[in-house]
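Positions are given from 1 along the sequence.
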Amino acid sequence: MPEGPSIVILREQVAAFAGRTIVRAAGSSKDVAMDELAGQPVLALRSFGKHFLIKLADRALRIHLLMFGTYLINETKAADRAKPRLSLFFDDGSALHFYTCAVKTISDDLDSEYDWRADVMNDAWSAPLALKKLRAQPDLLACDALLDQTIFAGVGNIIKNEVLFRVRVHPLSTVGDIPPAKLRELVAQAREYSFDFLGWKKEGTLKQHWLAHTKKICPRCKIAFLRGHLGKTARRSFYCARCQRQYPATPARSGNTPRSRKTPPAS
């Protein structure tokens, strides 16, 4: 699933479409009135977390690339491979195509649709607001908290695993038991790692910088990572039982038992 930094890259790549006028729209999405888009100027292109937003004169289009969504600029996939969910054709002959995604029509008043302070990639990001939301849910697991798009819009599973490893927090830690200084560190790293992700993604070196996600051995302790589909989100977690502390220090909860190799005891 594309995470917030990848949507920022999408927004930057299509920035030149702002100001162009749609002459035709097509696609398989049932949530868009394609025939009503002709003649609409593109007023702005924005992103919020994992959502890409196209602001028009009387509405906005929200595109979520889901797990395997893609997009193409001025080219299409072979018809027998995939049909676009949304294709926009513009007055200068250019075109934008979105595949395997969810497209929805929303209000053109994006400021009422979104609280930009929750987007880790946005200039309006508010760490104090994120902390307030976390403290209001003390029983929330750290692995679920980082994937909560109302708190950390744009954070996905890669960022979750890497942030928890950076701050040395076990994914099954409960938010209310994480020390205040450590919780502030987690919030700060959610944003900092997202921008590191953005830079590495642009360089084409993102996977080379992964320390925990999909890895087998902890680079700090040189022991096997534990793996499991943890929390209510049941997304894959990769973590070290030695250097990532669990708050409180209790056994894994029912239904959250990691599937992994046995880890040698700490020396």
Margin query: What verdict does the side-chain hydrogen bond (donor to acceptor under 3.5 Å, both in side chains) test give for Ser94 and Asp92, after you've listed the backbone C-alpha separation in whole Å, the side-chain angles of each residue and the deciding distance to 0.1 Å?
Written below: CA-CA 6 Å; Ser94 60; Asp92 63 351; 2.6 Å; yes
Next item on the list: Test Phe238 against Lys215 for side-chain contact (heavy atoms from CB on, under 4.5 Å), laying out the working first.
Entry: CA-CA 7 Å; Phe238 301 84; Lys215 299 301 182 180; 5.9 Å; no
Next item on the list: Step by step, work out the side-chain contact (heavy atoms from CB on, under 4.5 Å) result for Lys201 and Glu3.
Entry: CA-CA 11 Å; Lys201 183 80 172 178; Glu3 305 190 25; over 6 Å; no
Margin query: Between Arg245 and Ser173, is the side-chain contact (heavy atoms from CB on, under 4.5 Å) condition met? List the steps.
Written below: CA-CA 8 Å; Arg245 183 173 176 181; Ser173 296; over 6 Å; no
Next item on the list: Verify side-chain contact (heavy atoms from CB on, under 4.5 Å) between Glu192 and Val163, making sure each step is shown before the conclusion.
Entry: CA-CA 9 Å; Glu192 183 172 325; Val163 166; over 6 Å; no
Check: Taking it one step at a time, do Gln40 and Asp58 satisfy side-chain hydrogen bond (donor to acceptor under 3.5 Å, both in side chains)?
Finding: CA-CA 8 Å; Gln40 292 255 18; Asp58 63 357; 2.6 Å; yes
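Judged by distance alone, with hydrogens and angles left aside, the side-chain atoms of Arg85 form a donor-acceptor pair with the main-chain N or O of Cys101 at under 3.5 Å. In this structure, the side chain of Gln149 engages the main chain of Leu147 through a donor-acceptor pair within 3.5 Å.
Here Ser87 contributes atom OG and Ile22 contributes atom CD1; the two are 11.5 Å apart, rounded to the nearest 0.5 Å. Put simply, CG on Leu134 and CD1 on Ile178 are 8.0 Å apart, with the number rounded to the nearest 0.5 Å. Here CG of Leu140 is found 9.5 Å from OG1 of Thr174. Values are rounded to the nearest 0.5 Å. Summarising the geometry, atom CG belonging to Leu164 is positioned 12.5 Å from atom NE2 belonging to His213; distances are rounded to the nearest 0.5 Å. To the nearest 0.5 Å, the span separating CD1 on Ile151 from CG on Asp144 amounts to 10.0 Å. Interatomic distance, Gln244 CD to Gln246 CD, rounded to the nearest 0.5 Å: 11.0 Å.
Nearest approach of Gly204 to Gln208, heavy atoms of both residues: O-NE2, 4.3 Å. In plain terms, the two heavy atoms of Thr205 and Glu203 that are nearest each other are OG1-OE1, 3.0 Å. Closest heavy-atom contact between Arg191 and Met121: NH1-C, 4.0 Å. The minimum heavy-atom distance between Ile217 and Ala224, with the atom names listed, is CD1-CA, 4.0 Å. The shortest non-hydrogen separation linking Val167 to Lys182 is O-NZ, 3.0 Å. A pairwise comparison of heavy atoms in Ile159 and Gly154 identifies CD1-O, 4.1 Å as the closest pair.
Here the two rings, on His64 and Phe98, have centers that are 6.0 Å apart or farther.
Inter-residue side-chain proximity for Asp108 and Leu43 is flagged as unmet; no heavy-atom pair is nearer than 4.5 Å. A heavy-atom distance below 4.5 Å is found between the side chains of Arg220 and Arg168. For the pair Leu146 and Leu186, the minimum side-chain heavy-atom distance is below 4.5 Å. Between Lys232 and Leu141 the shortest side-chain heavy-atom distance does not fall below 4.5 Å. Looking only at side-chain heavy atoms (C-beta outward), Asn161 and Ser237 come within less than 4.5 Å of each other. The shortest side-chain heavy-atom distance between Ile106 and Tyr114 falls under the 4.5 Å cut-off. A heavy-atom distance below 4.5 Å is not found between the side chains of Arg11 and Leu53. Residues Ile63 and Leu10 are not in side-chain contact: their nearest non-hydrogen atoms beyond the backbone lie 4.5 Å or more apart.
Of the charged side-chain nitrogens involved, at least one lies within less than 4.0 Å of a carboxylate oxygen, so that Glu36 and Arg59 count as a salt-bridged pair. In summary, Arg166 and Asp196 engage in a salt bridge, as defined by a charged side-chain N under 4.0 Å from a carboxylate O. Taking the charged nitrogens against the carboxylate oxygens, Glu113 and Lys55 have no contact shorter than 4.0 Å, which rules out a salt bridge.
For Asp111, the side-chain hydrogen bond (donor to acceptor under 3.5 Å, both in side chains) partners are Trp116, not counting sequence neighbours.
Val155 is connected to Leu206 through a chain of hydrophobic side-chain contacts under 4.5 Å among Ile, Leu, Val, Met, Phe, Trp and Tyr, so both are in one cluster. Residue Leu96 is not grouped with residue Val23 when hydrophobic side chains (ILVMFWY) are merged at heavy-atom distances under 4.5 angstrom, including chains of intermediate members. Transitive grouping of hydrophobic side chains (ILVMFWY, heavy atoms separated by less than 4.5 Å) brings Leu37 and Phe90 into a common cluster. Cluster membership check: Tyr71 shares its hydrophobic cluster with Met34, using side-chain heavy-atom separations under 4.5 Å among Ile, Leu, Val, Met, Phe, Trp and Tyr. In the hydrophobic clustering of ILVMFWY residues, with side-chain heavy atoms under 4.5 Å counting as a link, Val169 and Ile158 come out together.
Shown are Leu61, Thr105, Thr21; of these, the side-chain contact (heavy atoms from CB on, under 4.5 Å) with Leu56 is made only by Leu61. Each of Phe152, Trp200, Phe165 was scored for a ring-ring contact (aromatic ring centres under 6.0 Å, His included) with Tyr193, with one residue passing: Trp200.
Sparse packing is recorded around NZ of Lys83, with 12 or fewer heavy atoms of other residues, nucleotides or ligands lying under 6.0 Å away. Heavy atoms from other residues, nucleotides or ligands lying under 6.0 Å from CZ of Phe195 number more than 12.
Cation-pi contact between Arg62 and Phe48: absent, since separation from the ring centre below 6.0 Å together with deviation from the ring axis within 45° is not met. Both tests pass for Lys77 against the ring of Tyr99: distance under 6.0 Å to the centre and angle within 45° of the axis.
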